**Student:** 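Below you will find the structure I want to go over with you.
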Amino acid sequence: MYESGGMAQQTGIPSVERFVARWLIGRWCRRNPPERTCQMLREQEGELRALFDAAADRATTRVQIKRLPGLESSSTNYSLAMVADHLARVNSDIAITLGSLARNERGTIEVRTANYKPSPDAAPDASLAALDRSIVALESVLADTGPIRRSGVGHVHPWFGELPATTWACFPAFHQALHMKQARLIAAGL
């Protein structure tokens with residue numbers, strides 16, 4: 001929540017979307033266990049790279065798209081490079097958080113949506129390299145999902161509240177799938 005002119009306003013996505021998304025995340029995790037997360041991330045990354053290749057020199061061009069359910073309205077004017085930059089930022093912090101949760105420790109990263117806004121100047125090569133590094137970090141922490149499955153602690157998401165380690169382990173592929181819809185719409189508008 002933030003204050004604007006004396007009135008509290010909700011940030012992020014509408015409350016009904018938060019409720020539905022939390023349910024969808026649970027359903028996603030039942031169908032796509034943590035052991036599949038990295039494979040799915042790599043498949044999604046491959047598709048994103050193909051969109052970059054097709055866009056050629058237009059990967060930094062911002063395209064206005066409709067707001068998709070689950071995305072903030074501020075996400076409707078991104079470039080492909082900005083999408084990759086955002087995903088890299090999120091994945092990197094989830095990898096760090098999962099490392100803590102696997103040690104049965106609370107995560108130390110305060111998940112604030114403002115920390116994950118992409119740079120408007122995101123460069124294609126740099127954002128794709130950062131995305132690759134973030135997936136490598138997730139692959140490292142998810143190489144053995146046993147400690148994550150045994151973890152008794154969770155970590156707070158700003159929209160969905162406390163999530164257990166197993167949900168955090170599934171979340172990157174769910175989140176990236178949502179942004180792949182965004183990337184496809186951006187690519188179609190180039």
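Just so you know, these numbers come straight off a predicted model, no measurement behind them.
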**Student:** Run the salt-bridge test on R36 and E43 with the 4.0 Å N-O cut-off and return the result as yes or no.
**Tutor:**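 Salt bridge absent between R36 and E43.
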
**Student:** Ring centres of H157 and H175 under 6.0 Å apart?
**Tutor:**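 Here the rings of H175 and H157 have centres that are no less than 6.0 Å from each other.
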
**Student:** In Å, rounded to the nearest 0.5 Å, how long is the span from CG of L51 to CZ of R184?
**Tutor:**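 Going from CG on L51 over to CZ on R184, the span is 7.5 Å.
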
**Student:** Less than 4.5 Å apart, side chain to side chain, heavy atoms only: is that true for I65 and Y78?
**Tutor:**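 The answer is no; the side chains never approach within 4.5 Å.
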
**Student:** Using every non-hydrogen atom in the two residues, find where A165 and L98 come nearest and quote the distance to one decimal.
**Tutor:**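 So the minimum-distance heavy-atom pair works out to O-CD2, 3.6 Å.
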
**Student:** Could you walk me through whether L185 and V63 pass the side chain to side chain contact (heavy atoms under 4.5 Å, CB included) check?
**Tutor:** CA-CA 8 Å; L185 288 174; V63 174; over 6 Å; no

**Student:** CD of E72 to CH2 of W159: how many Å apart, nearest 0.5 Å?
**Tutor:**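 The distance works out to 4.0 Å.
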
**Student:** Enter the distance from C38:SG to I135:CD1 here, rounded to the nearest 0.5 Å.
**Tutor:**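 With rounding to 0.5 Å, SG (C38) is 8.0 Å from CD1 (I135).
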
**Student:** Are V16 and L68 linked, directly or through other ILVMFWY residues, by side chains that come within less than 4.5 angstrom of each other?
**Tutor:**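 Each belongs to a different hydrophobic cluster.
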
**Student:** Going by distance alone, is a donor N or O of one side chain under 3.5 Å from an acceptor N or O of the other, for N115 and E110?
**Tutor:**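 Absent: no donor and acceptor within the cut-off.
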
**Student:** Find out whether H155 and V111 are in side-chain contact, i.e. whether some heavy atom of one side chain is under 4.5 Å from a heavy atom of the other.
**Tutor:**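 Touching, per the 4.5 Å side-chain cut-off.
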
**Student:** Check whether any side-chain heavy atom of P124 sits under 4.5 Å from a side-chain heavy atom of L80, and report yes or no.
**Tutor:**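 No, their side chains stay 4.5 Å or more apart.
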
**Student:** Is there a side-chain contact between R149 and P34 (heavy atoms, below 4.5 Å)?
**Tutor:**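 The answer is yes, as the side chains (C-beta and beyond) meet within the 4.5 Å cut-off.
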
**Student:** With a 3.5 Å distance limit and no angle check, can you tell me whether S140 reaches the backbone of V136 through a side-chain donor-acceptor pair?
**Tutor:**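 Not at all, since once roles are kept as given, no pair shorter than 3.5 Å links the two residues.
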
**Student:** Heavy-atom distance under 4.5 Å between the side chains of E17 and R22, does that happen here?
**Tutor:**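 Of all side-chain heavy-atom pairs linking R22 with E17, none is under 4.5 Å.
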
**Student:** Please walk me through it: do L48 and L131 pass side chain to side chain contact (heavy atoms under 4.5 Å, CB included)?
**Tutor:** CA-CA 10 Å; L48 185 58; L131 179 59; 3.8 Å; yes

**Student:** Set out, in order, the CA-CA distance, both residues' side-chain angles and the distance that settles side chain to side chain contact (heavy atoms under 4.5 Å, CB included) for R49 and D132, then state yes or no.
**Tutor:** CA-CA 11 Å; R49 285 182 181 277; D132 181 63; 4.0 Å; yes

**Student:** Tell me the closest heavy-atom pair linking T60 and A81, and the distance in Å.
**Tutor:**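 Nearest pair, atom of T60 first, then A81: CG2-CB, 4.4 Å.
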
**Student:** Side chains of S100 and E105: donor-acceptor distance under 3.5 Å anywhere?
**Tutor:**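 Short answer, no.
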
**Student:** Between R42 and E47, does any side-chain N to carboxylate O distance fall below 4.0 Å?
**Tutor:**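 Result for this pair is no, no salt bridge flagged.
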
**Student:** When rounded to the nearest 0.5 angstrom, what distance separates CD1 in I13 from CZ in R18?
**Tutor:**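 Interatomic distance, I13 CD1 to R18 CZ, rounded to 0.5 Å: 6.0 Å.
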
**Student:** So do the side chains of R62 and I186 get within less than 4.5 Å of each other, counting heavy atoms only?
**Tutor:**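 When only atoms from C-beta onward are counted, I186 and R62 do not touch, as no gap falls below 4.5 Å.
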
**Student:** Atom CG in L41, atom CD in E139: separation rounded to 0.5 Å?
**Tutor:**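 L41 CG to E139 CD: 8.0 Å, rounded to 0.5 Å.
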
**Student:** Looking only at heavy atoms, what is the nearest atom pair of A21 and F160, with distance?
**Tutor:**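 In this case the closest contact between A21 and F160 is CB-CE2, 3.6 Å.
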
**Student:** Are any of the side-chain nitrogens in R89 or D85 under 4.0 Å away from the carboxylate oxygens of its partner?
**Tutor:**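 Judged by the 4.0 Å cut-off on N to carboxylate O distance, R89 and D85 do form a salt bridge.
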
**Student:** Taking K66's backbone N and O only, do any of them form a donor-acceptor pair with T76's side chain (distance below 3.5 Å, no angle check)?
**Tutor:**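 Not confirmed, T76 side chain does not pair with K66 backbone.
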
**Student:** Might you point out which heavy atoms bring A173 and Q44 nearest each other, and give the distance in Å?
**Tutor:**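 Taking A173 first and Q44 second, the nearest heavy atoms are O-NE2, 3.1 Å.
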
**Student:** Can you label the angle between the W28 ring and the F174 ring as parallel, tilted or perpendicular, going by 30° and 60°?
**Tutor:**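 Perpendicular, since the angle between the ring planes exceeds 60°.
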
**Student:** Hey, could you give me the OG1/CD1 distance between T167 and I25, rounded to the nearest 0.5 Å?
**Tutor:**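 Going from the OG1 atom of T167 to the CD1 atom of I25 covers 8.0 Å.
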
**Student:** What about I109 and I94, same hydrophobic cluster or not, with Ile/Leu/Val/Met/Phe/Trp/Tyr joined at side-chain heavy-atom distances under 4.5 Å?
**Tutor:**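 As far as the 4.5 Å side-chain criterion goes, I94 and I109 are connected within one cluster.
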
**Student:** Might you point out which heavy atoms bring V141 and I148 nearest each other, and give the distance in Å?
**Tutor:**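 That would be O-CD1, 3.9 Å.
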
**Student:** Please name the residue in the list S75, S73, S74 that meets the side chain to side chain contact (heavy atoms under 4.5 Å, CB included) test with R67.
**Tutor:**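 Only match with R67 under side chain to side chain contact (heavy atoms under 4.5 Å, CB included): S73.
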
**Student:** Side chains of C29 and N32: closer than 4.5 Å at any heavy-atom pair?
**Tutor:**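 A side-chain contact under 4.5 Å is absent here.
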
**Student:** I want to check something: taking the side chain as every heavy atom from C-beta on, are L71 and L178 in contact at a cut-off of under 4.5 Å?
**Tutor:**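 They are in contact (side-chain heavy atoms under 4.5 Å apart), so the answer is yes.
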
**Student:** Using every non-hydrogen atom in the two residues, find where L190 and A55 come nearest and quote the distance to one decimal.
**Tutor:**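 Scanning both residues, the minimum pair turns out to be CD1-CB, 3.5 Å.
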
**Student:** Please confirm whether the backbone N or O of G26 pairs with a side-chain atom of R30, one donor and one acceptor, at under 3.5 Å?
**Tutor:**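 Yes.
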
**Student:** Check whether the side chains of H179 and Q182 place a donor and an acceptor atom closer than 3.5 Å, and report yes or no.
**Tutor:**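 Indeed, the side chains of H179 and Q182 share at least one donor-acceptor pair under 3.5 Å.
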
**Student:** Quick test of your reading of the model: are R106 and E162 salt-bridged, counting only N-O distances below 4.0 Å?
**Tutor:**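 Yes, R106 and E162 are salt-bridged.
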
